Structure formats: C-alpha cells, structure tokens
Amino acid sequence: MATLQGKERAAYVQSMFDRIARRYNLMNRLMTFGQDLRWRKFVIQQAHLPPKGTLLDLATGTGDIAFEGLRAVPDLTAVGGDFSLGMMQVGQTLTDGDRVRWVGADAIQLPFAGNSFDAVTSGYLMRNVIDIPQALREQLRVLKPGGRIVILDTTPPPRNLLRPFILIHMRYVIPLLGRLISGNPDAYQYLPESTQKFKTPEALAGAMREAGFQNVQFKRFMFGTQAVHWGEKPR
C-alpha cells in the first residue's frame with residue numbers, strides 16, 4: 001500500500017482516513033502514549049501566531065492542531081483543510097468544532113488566495129502527499145510574507161540501539177492496535193510502512209529550503225521517530 005503512486009495513492013489515503021475517522025484520536029493517543037498532544041502544542045508555539053491572526057491547518061483531520069491554536073490565541077481565525085471529509089465531520093462534533101472553518105482542500109492545489117495566512121501548520125500531511133515539492137510551494141504561496149510553516153510528521157527510525165524495538169512496535173504492535181481498536185488493520189499497516197519510506201528530517205528540511213523557505217529548523221521527538229520542522233516565508 002505504501003508503494004502506491006499518484007492518484008491511486010491519493011485515493012487510497014483519502015478512503016483510509018475516512019474509514020478510521022471515528023477512532024483516529026484514540027489510536028493517536030495509544031500509539032504515542034499521549035505524547036502527540038505535547039507535539040501539537042509545540043507546533044502552535046513555533047507558529048508564532050499574532051493576536052487576531054489567521055491559521056491554515058492542513059491535513060487537519062479532526063482539528064487537533066486548529067483547536068490548539070484557538071486555545072493559544074482565542075481571537076484566531078482558524079481554517080482547517082483536509083481532503084478527508086469524514087475526518088472533518090468528526091471534528092465538527094467536538095468541543096469548539098463550530099469555531100473552526102472547515103474546508104475540503106487538496107494540499108497540492110490549495111483553494112486559497114496568495115498571502116492569506118500568518119501560519120500554515122500540518123500534522124502527518126507530508127508523508128501522504130503525492131508531490132512534496134508542490135505541497136510546499138502551495139504553502140509558501142498562501143503564507144503572508146514573514147509567515148511561518150510548521151510541519152509535524154513521522155520520520156524513519158534512526159539507526160541506533162533502539163531501532164529494532166521501534167521497528168517491532170511499528171510492524172506488529174501498531175497494526176494489532178489498529179485491528180482491535182479501529183477495525184482497520186490495513187490502515188495501520190500503511191502508516192508504519194509510509195513512515196519508513198518517508199524523508200529523513202534533514203532531507204525534508206532541504207526540500208523546504210528548495211521550495212523557498214528560510215530559517216528552516218527541526219526538532220526530533222519520541223526517540224527520533226517524530227519531528228517538527230519550521231521555517232519562514234521571506235518578507
């Protein structure tokens with residue numbers, strides 16, 4: 001499944017997230033031992049949102065990062081964009097779901113004017129898009145000059161003493177949890193596979209610079225299996 005390409009891959013990912021939408025948040029808490037909440041707070045910290053600012057959260061899913069933005073900046077205009085309508089429908093039922101502007105959006109062709117947002121965030125988007133450079137260019141386009149991009153995503157496990165244990169967790173524990181909790185073991189087989197095939201943090205930072213972002217940095221979490229990247233659109 002992780003070897004699918006182009007439109008076939010996009011269709012599979014969209015269908016997969018629609019199927020797991022109702023148990024997605026619970027699975028995230030279990031897979032990360034609750035640490036994903038802390039990572040999303042860090043994403044918003046790095047977004048440097050101003051009062052009355054505008055945030056576009058891509059691959060918003062059920063809106064976790066958008067909600068975190070609203071907690072940090074109560075008068076924020078938060079737009080949640082995703083091509084999984086099922087995920088956003090779940091997000092609309094949650095507390096503060098009516099405070100997010102939910103929009104069906106494809107990350108490689110965003111339906112927004114240029115220079116529109118103070119920050120663009122994403123959680124587990126880049127691993128799933130079919131054209132990473134184009135997705136980065138689109139985020140650069142819709143950012144205001146000086147605006148911030150912040151990306152949370154998985155990374156291939158680093159080659160160290162913990163790697164064998166991390167691979168066991170990814171290849172066996174996560175699919176088992178997916179079978180028991182969500183009833184969709186294929187989805188939670190795809191997610192670890194796509195992680196192992198994704199860019200290293202250094203490679204993703206390089207792609208961000210090539211797209212035109214400056215001051216690009218990143219920080220690893222959870223034994224190097226997660227990373228948050230951030231950068232700025234030139235003024």
Side-chain angles (χ1 to χ4, degrees), residues 28 32 35-82 91 94-97 99-103 105 107-108 110-127 129 132-155 199 201-222 224 226-235:
N28 275 350
T32 68
Q35 291 300 299
D36 62 302
L37 299 174
R38 183 168 65 93
W39 306 333
R40 288 178 168 87
K41 289 182 179 179
F42 185 77
V43 166
I44 291 301
Q45 290 170 3
Q46 294 304 318
H48 294 182
L49 292 164
K52 298 183 179 180
T54 52
L55 167 68
L56 172 60
D57 181 41
L58 290 175
T60 194
T62 59
D64 276 351
I65 293 177
F67 293 146
E68 190 62 43
L70 287 166
R71 282 190 284 270
V73 183
D75 57 2
L76 180 72
T77 297
V79 178
D82 205 309
L94 302 178
T95 302
D96 290 332
R99 297 180 62 200
V100 175
R101 300 181 182 182
W102 306 92
V103 179
I108 61 175
L110 294 174
F112 306 108
N115 305 319
S116 296
F117 298 96
D118 294 297
V120 178
T121 57
S122 63
Y124 307 108
L125 165 71
M126 302 307 294
R127 183 183 72 235
V129 296
I132 290 174
Q134 175 61 17
L136 290 171
R137 287 192 294 268
E138 276 292 275
Q139 291 174 72
L140 184 73
R141 179 182 66 81
V142 301
L143 275 172
K144 297 176 182 178
R148 308 264 294 185
I149 182 176
V150 191
I151 298 169
L152 165 63
D153 219 314
T154 55
T155 73
K199 292 179 178 293
E202 293 81 6
L204 181 57
M208 293 170 67
R209 295 184 185 101
E210 289 179 8
F213 291 100
Q214 62 184 18
N215 300 325
V216 174
Q217 301 179 61
F218 64 86
K219 181 177 180 178
R220 293 180 173 91
F221 295 91
M222 201 173 180
Q226 313 282 325
V228 174
H229 288 70
W230 61 91
E232 299 174 355
K233 179 174 181 175
R235 294 185 181 276

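The shown structure was predicted, so the numbers you read here are calculated from the model rather than taken from an experiment. Atoms considered below: every heavy atom in the structure, side chains included; atoms not considered: hydrogens, waters and symmetry mates.
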Taking C-beta and beyond as the side chain, do [X] and [Y] meet within less than 4.5 Å on heavy atoms?
{"X": "Leu58", "Y": "Leu110", "result": "yes"}
{"X": "Lys219", "Y": "Trp230", "result": "yes"}
{"X": "Thr60", "Y": "Val103", "result": "no"}
{"X": "Leu204", "Y": "Phe218", "result": "no"}
{"X": "Thr62", "Y": "Asp64", "result": "yes"}
{"X": "Ile149", "Y": "Leu136", "result": "yes"}

- Query: Quick check: does any side chain N or O of Arg99 sit under 3.5 Å from a backbone N or O of Ala78, one acting as donor and the other as acceptor?
  - Reply: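 Between the backbone of Ala78 and the side chain of Arg99 there is no qualifying donor-acceptor contact (under 3.5 Å).
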- Query: Any sub-3.5 Å donor-acceptor pair from Trp102's side-chain atoms to Gly97's backbone N or O?
  - Reply: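 Present.
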Compare every heavy atom of [Y] with every heavy atom of [X], then report the nearest pair and how far apart it is.
{"X": "Lys233", "Y": "Leu143", "answer": "NZ-O, 2.7 Å"}
{"X": "Gly53", "Y": "Asp118", "answer": "CA-OD2, 3.2 Å"}
{"X": "Lys144", "Y": "Asn115", "answer": "CG-O, 3.5 Å"}
{"X": "Gly231", "Y": "Met208", "answer": "N-CE, 4.1 Å"}
{"X": "Phe117", "Y": "Thr54", "answer": "CA-OG1, 3.3 Å"}
{"X": "Gly81", "Y": "Leu56", "answer": "N-CD1, 4.4 Å"}

Give, for atom [atom1] of [X] and atom [atom2] of [Y], the distance between the pair rounded to the nearest 0.5 Å.
{"X": "Gln45", "Y": "Lys41", "atom1": "CD", "atom2": "NZ", "value": "9.0 Å"}
{"X": "Arg209", "Y": "Asn215", "atom1": "CZ", "atom2": "CG", "value": "9.5 Å"}
{"X": "Leu76", "Y": "Leu55", "atom1": "CG", "atom2": "CG", "value": "5.5 Å"}
{"X": "Ile44", "Y": "Thr121", "atom1": "CD1", "atom2": "OG1", "value": "5.5 Å"}
{"X": "Met222", "Y": "Thr154", "atom1": "CE", "atom2": "OG1", "value": "11.5 Å"}
{"X": "Thr155", "Y": "His229", "atom1": "OG1", "atom2": "NE2", "value": "8.5 Å"}

- For Gln214, side chain to side chain contact (heavy atoms under 4.5 Å, CB included) partners two or more places apart: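 Side chain to side chain contact (heavy atoms under 4.5 Å, CB included) list for Gln214, sorted by chain: Glu232, Pro234.
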- Task: Please name all residues satisfying ring pair (Phe, Tyr, Trp, His ring centres under 6.0 Å) with Tyr124, sequence neighbours left out, ordered by chain then number.
- Result: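 Partners of Tyr124 by the ring pair (Phe, Tyr, Trp, His ring centres under 6.0 Å) criterion come out as none, since no residue qualifies.
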- Message: Between Val228 and Val150, is the side chain to side chain contact (heavy atoms under 4.5 Å, CB included) condition met? List the steps.
- Response: CA-CA 7 Å; Val228 174; Val150 191; 3.6 Å; yes
- Could I get the full list of salt bridge (Lys or Arg N to Asp or Glu O under 4.0 Å) partners for Glu202, not counting sequence neighbours?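 Once residues adjacent in sequence are excluded, the partners of Glu202 under the salt bridge (Lys or Arg N to Asp or Glu O under 4.0 Å) criterion are Arg220.
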- Could you note down all residue pairs passing side-chain hydrogen bond (donor to acceptor under 3.5 Å, both in side chains) where residues 71-82 supplies at least one of them, sequence neighbours left out?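 Sorted result for residues 71-82: Glu68-Arg71.
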- Residues in side chain to side chain donor-acceptor pair (under 3.5 Å) with Asp153, at least two apart?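 Asp153: side chain to side chain donor-acceptor pair (under 3.5 Å) contacts with Arg127.
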- With sequence neighbours excluded, tell me which residues meet side chain to side chain donor-acceptor pair (under 3.5 Å) with Gln35.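 By the side chain to side chain donor-acceptor pair (under 3.5 Å) rule, Gln35 matches Arg38.
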